[in-house]
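Sequential numbering from 1 along the given sequence is applied to the chain's residues. Only this structure's heavy atoms are used, side chains among them; waters, hydrogens and symmetry mates stay out.
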Amino acid sequence: MLQTYITKIRALQPHNTGCMYKPAVWKNLSAEHKVLVRDFENKMVSRADVVKAYEKYYAGKGDYLRAFLLTMIWGFEDTGYGTFRTNNYITNPEHIDRVKIALEAVGQNDIEKAFKELKRIKGLGISYLSKVLFFATKGKGLTDYCLVFDIRVARALVMLTAPAFVNDIINVMPSDKWEDYRKYNEMIHNYASQYQVDADAIELFLFNQKF
């Protein structure tokens, strides 16, 4: 599936990619939490920046909410609904508890528990759930780190293995079941090992495809 594209995948630099944190777009973010990301105002938030936030958290030198917020900013970019959804996560005590429990589970390398705990957060679908797990597992330094699994990645996986017209007759969605997510991560890491490329470079390549 990927052999034709390996040169392109090797040339990618996932951790240099990111988005601008625009305070005007995120102006309605909970005031008490804006302070946590103030240093990024009008600056680029790269994958590397978010990973670093989780690294500091796991080293006992950073706030897990800062790491979580940067994940949401990176993921939602300048979409109009990003602030609303993020506020829903960070101002609800039950949701905050679940985020903390999930990140603690990552710290213990219990990814299944982390996945299922995050899934209990209302409105946090597989796309953003997997973003949290990606950055958290990278920040923890796990070699078999999780990967982002969203609709664009899922669609690319299908389109690279099926005739072009398939995209016109089916609606591809990523599964939100733990076993399916585990298989997805395992598959991409196997490809990474086979072709000696970074797993997150494969994920970014899939995300970048347009069908």
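- Using a cut-off of 4.0 Å between Lys/Arg side-chain N and Asp/Glu carboxylate O, Asp200 and Lys138 are scored as salt-bridged.
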Residues Ile90, Val99; criterion side chain to side chain contact (heavy atoms under 4.5 Å, CB included); working and verdict = CA-CA 9 Å; Ile90 63 178; Val99 169; over 6 Å; no

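- When the side chain to side chain contact (heavy atoms under 4.5 Å, CB included) test is applied to Met173, the partners found at least two apart in sequence or on another chain are Ile151, Asn171.
- Residues passing the side chain to side chain contact (heavy atoms under 4.5 Å, CB included) test with Lys100, sequence neighbours excluded: Tyr64, Glu104.
- Inter-residue side-chain proximity for Leu69 and Phe40 is flagged as unmet; no heavy-atom pair is nearer than 4.5 Å.
- Residues satisfying the side chain to side chain contact (heavy atoms under 4.5 Å, CB included) test with Glu77, not counting sequence neighbours, are Cys19.
- The residues Asp144 and Arg182 are annotated as not salt-bridged, no charged nitrogen and carboxylate oxygen being separated by less than 4.0 angstrom.
- The shortest side-chain heavy-atom distance between Ile101 and Lys113 falls under the 4.5 Å cut-off.
- Ionic pairing of Glu117 and Arg120 is present here: one or more N-O contacts between side-chain nitrogen and carboxylate oxygen are shorter than 4.0 angstrom.
- Take Asn190 and apply the side chain to side chain contact (heavy atoms under 4.5 Å, CB included) test, not counting sequence neighbours, and it matches Glu186.
- By the side-chain hydrogen bond (donor to acceptor under 3.5 Å, both in side chains) test, Thr83 is found to be paired with no residue, residues two or more places apart in sequence or in another chain being considered.
- Here ring pair (Phe, Tyr, Trp, His ring centres under 6.0 Å) pairs that include residues 122-159, with residues two or more places apart or in two chains, are Trp74-Phe135, Phe76-Tyr128, Tyr145-His189, Phe149-Tyr184.
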